[in-house]
Amino acid sequence: KPKRVHPVDEVLPVPKLATYGFQHVVAFYAGAVIVPLLIASSLNLDAETTIHLINADLLTCGIATIIQSVGIGKHIGVRLPIVQGVTTTAVSPIIAIGLGATDGAGGVASLPTIYGAIIVAGLFTFFAAPVFGKVLRFFPPVVTGSVLLVMGTSLLGVSANDFVNYAEGVPATRDLLYGFGTLAVIILVQRFSSGFLGTLAVLIGLVLGTGVALVLGDASFSEVSSAPALGITTPFYFGMPKFDVVAIFSLIIVMIITMVETTGDVFATGEIVKKRIRRDDVVRAIRADGLSTLVGGVMNSFPYTCFAQNVGLVRLTNVKSRWVAVAAAGFMIVLGLIPKAGALVAGIPYPVLGGAGDAERREDDGDHEDVVHRQRLLDHEAGDVFLGRLGAHVPPDPAAEDEAEAEVEGRQQQALAHPDLVVLVPVQDAEIEGEQREDQRVEAEPHPDRLAEPLEVQKVDHARALGCFTRKSIGSDI
């Protein structure tokens with residue numbers, strides 16, 4: 001019989017691959033290009049440099065997605081339908097590094113120091129990946145949640161400048177209307193649209209806001225006609241990297257946070273495609289992030305991570321093949337070779353960009369909260385499993401049992417309300433019940449070889465088995 005292929009490894013027909021891959025690009029595009037736009041506007045980069053950053057970003061996004069979805073050898077890439085994109089967590093530190101390296105002037109002179117820090121941070125992530133799985137328990141939700149909150153809040157100043165079109169005094173009324181109008185469109189689409197349309201909220205807001213500005217004469221795409229039809233970024237296009245200790249340390253912190261974010265996205269994707277995620281899978285995913293970030297530093301782009309928007313799209317379409325992500329990567333690479341596409345994006349007015357940036361960060365903060373929430377729920381489930389296993393060996397207390405049952409039921413209802421954990425609870429319950437029945441049978445009929453051993457030895461071995469089962473049930477072998 002032919003070997004059954006897991007849906008993740010299934011290669012779809014070319015027309016379906018192209019259709020589903022392009023769908024991922026549409027959902028991903030606005031979130032991908034907004035990062036180089038925000039960095040370019042804050043560092044006072046000219047239009048030509050901005051176009052180059054956009055094209056380099058798209059090209060490297062495609063390369064990073066192939067590294068993650070296809071993999072390199074046995075130790076790099078998680079091989080799931082995951083699309084890679086530039087992490088917004090790095091925006092504020094990158095802007096601070098660029099301004100600090102040039103005494104606030106910004107410009108192209110700030111980029112070598114930024115890329116030097118990105119290269120070292122990528123190498124750190126690559127080699128620290130195996131260690132991270134072991135020290136993840138030292139990053140409780142209160143720590144990761146607080147850092148993510150600070151990172152997200154620090155980006156408000158970036159959007160505020162774009163929102164008011166960098167006005168030194170009172171901003172123009174028209175600029176405020178563009179910003180608030182774009183933000184309102186995005187919120188309304190997210191609130192009242194479901195399915196694939198809801199994933200396009202930021203893109204719809206950008207298109208409508210820019211369209212209105214173009215009609216009213218406040219937007220110009222003159223750079224599109226002058227941009228070349230084809231072009232490719234070259235390594236170290238803006239000069240050889242410079243290495244600053246403070247800049248490197250800042251981006252290493254960013255990449256540690258990105259590791260937590262990637263861990264959550266990998267587990268979410270694994271649950272969607274019904275593929276169990278182990279610690280080695282997380283390590284391979286983080287290695288891919290590190291390698292992609294290193295490539296980004298060399299190819300004039302930025303740090304990379306899994307894109308949560310596309311994780312949601314996998315759930316929405318139920319298309320589980322990782323080769324769809326590879327098809328999306330092909331589209332990204334093609335777009336990265338067309339400077340006119342980058343020039344079109346660079347023509348978006350700053351207030352429209354500011355409104356979309358606020359909405360994008362609000363969505364990213366929601367994704368970060370989901371990661372923290374998922375970690376908290378897993379912690380609670382671990383306690384429930386452990387207490388449930390001990391129940392067979394501790395004298396029962398009726399009042400405590402009622403309270404524990406009520407708490408477990410509440411935790412399960414909370415998990416069931418969370419889409420990422422909808423599969424986890426019933427599977428765990430089935431495993432727990434099966435193990436309890438097996439333990440009761442073994443205790444009732446001990447193995448002949450164990451009858452001669454003291455009871456204390458049996459208890460010790462049973463406690464070891466209990467610890468192994470608990471880790472197996474909650475997936476803490478990550």
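All values reported here derive from a predicted model rather than from experimental measurement.
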Problem set entry | side chain to side chain donor-acceptor pair (under 3.5 Å) evaluation trace for D244 with T113 | CA-CA 7 Å; D244 179 83; T113 304; over 6 Å; no
Problem set entry | Gap between atom OG1 of T60 and atom CG of N55 - 0.5 Å precision | 10.0 Å
Exercise. Are L251 and I94 close enough that some pair of their side-chain heavy atoms sits under 4.5 Å apart?
Worked result: yes
Exercise. Checking Q84 side chain against G62 main chain: does a donor-acceptor pair fall under 3.5 Å?
Worked result: no
Exercise. How close do W323 and E10 get, heavy atom to heavy atom, and via which atoms?
Worked result: CD1-O, 3.5 Å
Problem set entry | Point-to-point distance, once rounded to the nearest 0.5 Å, from CD1 of I67 to OH of Y304 | 10.0 Å
Exercise. Is the closest side-chain heavy-atom distance between V282 and V78 below 4.5 Å?
Worked result: no
For this session: With rounding to the nearest 0.5 Å, note down the distance linking OG1 in T233 to CE in M299.
Result: 5.0 Å
Problem set entry | Side chains of L111 and Y237 in contact at under 4.5 Å (non-hydrogen atoms) | no
For this session: Quick one: do F126 and D289 satisfy side-chain contact (heavy atoms from CB on, under 4.5 Å)? Show the steps, please.
Result: CA-CA 7 Å; F126 185 88; D289 281 355; over 6 Å; no
For this session: Locate the shortest heavy-atom distance separating P349 from A213; write the atom from each residue and the value.
Result: CG-CB, 3.6 Å
Exercise. Between K340 and A227, is there a donor-acceptor pair closer than 3.5 Å when you use the side chain of the first and the backbone of the second?
Worked result: yes
Exercise. Between atom OG1 of T182 and atom CD1 of I187, what is the distance when rounded to the nearest 0.5 Å?
Worked result: 11.0 Å
For this session: Output, in order, the C-alpha distance, side-chain angles, deciding distance and verdict of side-chain contact (heavy atoms from CB on, under 4.5 Å) for V314 and H24.
Result: CA-CA 9 Å; V314 173; H24 271 281; 3.9 Å; yes
Exercise. Are any of the side-chain heavy atoms of S301 and V86 separated by less than 4.5 Å?
Worked result: yes
Exercise. Are any non-hydrogen side-chain atoms of V91 and I39 less than 4.5 angstrom apart?
Worked result: yes
Exercise. Could you go step by step and tell me if T305 and T262 meet the side chain to side chain donor-acceptor pair (under 3.5 Å) rule?
Worked result: CA-CA 6 Å; T305 186; T262 295; 3.0 Å; yes
Exercise. Mind checking whether F124 and I119 have side chains closer than 4.5 Å, heavy atoms only?
Worked result: no
For this session: Spell out, as yes or no, whether a donor-acceptor pair under 3.5 Å connects the side chain of R287 to the backbone of H75.
Result: yes
For this session: Could you tell me the separation between the CZ atom of F132 and the CZ atom of R279, rounded to the nearest 0.5 Å?
Result: 12.0 Å
For this session: Locate the shortest heavy-atom distance separating T50 from A40; write the atom from each residue and the value.
Result: OG1-CB, 3.4 Å
Problem set entry | Contact check, side chains of Y115 and F236, non-hydrogen atoms, under 4.5 Å | no
Problem set entry | Over 12 non-hydrogen atoms of neighbours within 6.0 angstrom of NZ in K242 | no
Seminar exercise, completed: CD1 (I248) and CD1 (I253) are apart, to the nearest 0.5 Å, by 12.5 Å
Exercise. In terms of ring plane angle, is the pair H52 and F238 parallel, tilted or perpendicular, where the classes change at 30° and 60°?
Worked result: perpendicular
For this session: Give a yes or no on whether F249 atom CZ has more than 12 heavy-atom contacts from other residues, nucleotides or ligands under 6.0 Å away.
Result: no
Seminar exercise, completed: All heavy atoms of I286 vs all of M259, minimum pair found to be CG2-CG, 3.8 Å
Exercise. Just checking, is any N or O donor in the side chain of T49 or D46 under 3.5 Å from an acceptor N or O on the other one?
Worked result: yes
Exercise. Quick check: are there more than 12 heavy atoms from other residues, nucleotides or ligands sitting under 6.0 Å from OH of Y20?
Worked result: no
Exercise. Given R284 and R79, is the side-chain contact (heavy atoms from CB on, under 4.5 Å) satisfied, shown in steps?
Worked result: CA-CA 9 Å; R284 289 199 302 270; R79 293 168 174 81; 4.0 Å; yes
Problem set entry | Flag, side chain of D9 to backbone of S321, donor-acceptor distance under 3.5 Å | no
For this session: Using atom types as modelled and distance alone, determine if a side-chain donor or acceptor of S69 lies under 3.5 Å from a backbone N or O of L80.
Result: yes
For this session: Could you check if a side-chain atom of V324 sits within less than 4.5 angstrom of a side-chain atom of P81, using non-hydrogen atoms only?
Result: no
Problem set entry | Step-by-step side-chain contact (heavy atoms from CB on, under 4.5 Å) determination, I95 to S92 | CA-CA 5 Å; I95 293 172; S92 185; 5.8 Å; no
Exercise. Where do T65 and I82 come nearest, in terms of heavy atoms and distance?
Worked result: CG2-O, 3.6 Å
Exercise. What is the minimum heavy-atom distance between C306 and Q68, and which atoms define it?
Worked result: SG-NE2, 4.2 Å
